[in-house]
Amino acid sequence: MNNAELRSALLSITALSSDYCAMLENAREMEKDEFVAGVLGLLPRIYFEFSDLSADEHMSEPGYGYFQSYVDEDFYESVRRNVEMVLGPDDVFLETFEEDMKYSDTPIAASISECLADIFQPLYNFICVVKESEGEQSLEAYAECRENFVAYWSQTLCNVMRALNHLRFNPTTE
């Protein structure tokens with residue numbers, strides 16, 4: 001991938017991440033069906049973009065630095081609560097990939113809103129670094145976000161998609 005293609009891909013990923021973050025920040029303004037469909041439209045694309053683009057060949061050294069977090073506990077909780085309010089009782093799902101599940105006879109519940117907020121945090125940090133640096137640190141911010149994607153939030157994304165898919169195609173009656 002040449003530099004122009006890389007810049008274009010990073011711009012696309014930044015826009016996609018921004019769309020996701022805006023959707024979660026504005027969740028309260030949406031109906032549940034609209035929100036679920038919208039998030040399901042973004043999550044597979046986010047997964048693809050963060051698993052497909054390899055910044056590794058463009059990074060000179062793996063020690064690209066550490067970026068501050070722009071999502072404090074109150075902001076995270078606000079985003080999580082917005083989603084929880086939209087989903088209501090449908091916010092809870094059974095988690096099958098939880099490590100503790102191997103040793104438990106009882107199912108382990110997870111929260112869609114918490115999973116989505118867990119994905120929101122690295123994506124929001126990514127877009128804030130890109131904005132603040134006026135794009136100069138896009139590659140480094142992407143590399144850090146992708147490292148976190150591989151380490152933990154890719155599995156969260158896959159797990160929550162299953163729960164959201166169930167909500168979309170097996171809606172509960174309220």
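- Distance alone, capped at 3.5 Å, is enough to place a donor-acceptor pair between the Glu5 side chain and the Asn2 backbone.
- For Met23, the side-chain contact (heavy atoms from CB on, under 4.5 Å) criterion is met by Met30, Phe35, Val39, Leu42, not counting sequence neighbours.
- Residues Asn82 and Glu25 have side chains not in contact (no heavy-atom distance under 4.5 Å, counting atoms from C-beta outward).
- If you chain together hydrophobic residues whose side chains sit under 4.5 Å apart, Met85 and Val92 never meet in one group.
- Nearest heavy atom pair, residue Ile127 against residue Thr14, reads CG2-O, 3.6 Å.
- In this structure, a donor-acceptor pair under 3.5 Å is absent between the side chains of Gln121 and Tyr70.
- Applying the side chain to side chain donor-acceptor pair (under 3.5 Å) test to every pair with at least one member in residues 71-80, sequence neighbours left out, gives these pairs: Tyr76-Asp118, Glu77-Arg80, Arg80-Glu84.
- Contact annotation: the side chain of Trp153 never approaches that of Cys115 to less than 4.5 Å [non-hydrogen atoms, C-beta and beyond].
- Checking side-chain atoms of Ser8 against main-chain N and O of Ala4 turns up no donor-acceptor pair under 3.5 Å.
- The cluster map of Ile, Leu, Val, Met, Phe, Trp and Tyr, joined by side-chain heavy atoms under 4.5 Å apart, puts Tyr20 and Leu11 in different clusters.
- Every ring-ring contact (aromatic ring centres under 6.0 Å, His included) that Phe120 has, sequence neighbours left out, goes to Phe75, Tyr124.
- For the pair Phe93/Arg162, a side-chain contact is recorded, criterion being any heavy-atom separation below 4.5 Å from C-beta on.
- Using a 4.5 Å cut-off on side-chain heavy atoms (C-beta onward), Cys145 and Leu123 make contact.
- The closest side-chain heavy-atom distance from Leu87 to Val36 is below 4.5 Å.
- Of the possible polar contacts, one joining the Ser154 side chain to the Phe149 backbone as a donor-acceptor pair under 3.5 Å is found.
- In this structure the side chain of Phe50 reaches within 4.5 angstrom of the side chain of Tyr142, judged on heavy atoms.
- Residues Glu132 and Val129 fail the side-chain proximity criterion, which asks for heavy atoms closer than 4.5 Å.
- Annotation: side chain of Ser17 is not in contact with side chain of Ile46 (no heavy-atom distance under 4.5 Å).
- Side chain of Asp91 to main chain of Ile112: a donor-acceptor pair is present (N/O by atom type, distance under 3.5 Å, no hydrogens or angles).
- Remark: Gln68 CD is packed, more than 12 non-hydrogen atoms of other residues, nucleotides or ligands lying under 6.0 Å away.
- Using modelled atom types and a 3.5 Å distance limit, the side chains of Asn159 and Gln155 yield a donor-acceptor pair.
- Checking side-chain atoms of Ser51 against main-chain N and O of Tyr47 turns up a donor-acceptor pair under 3.5 Å.
- In this structure a side-chain-to-backbone donor-acceptor pair under 3.5 Å is missing from Asn165 to Met161.
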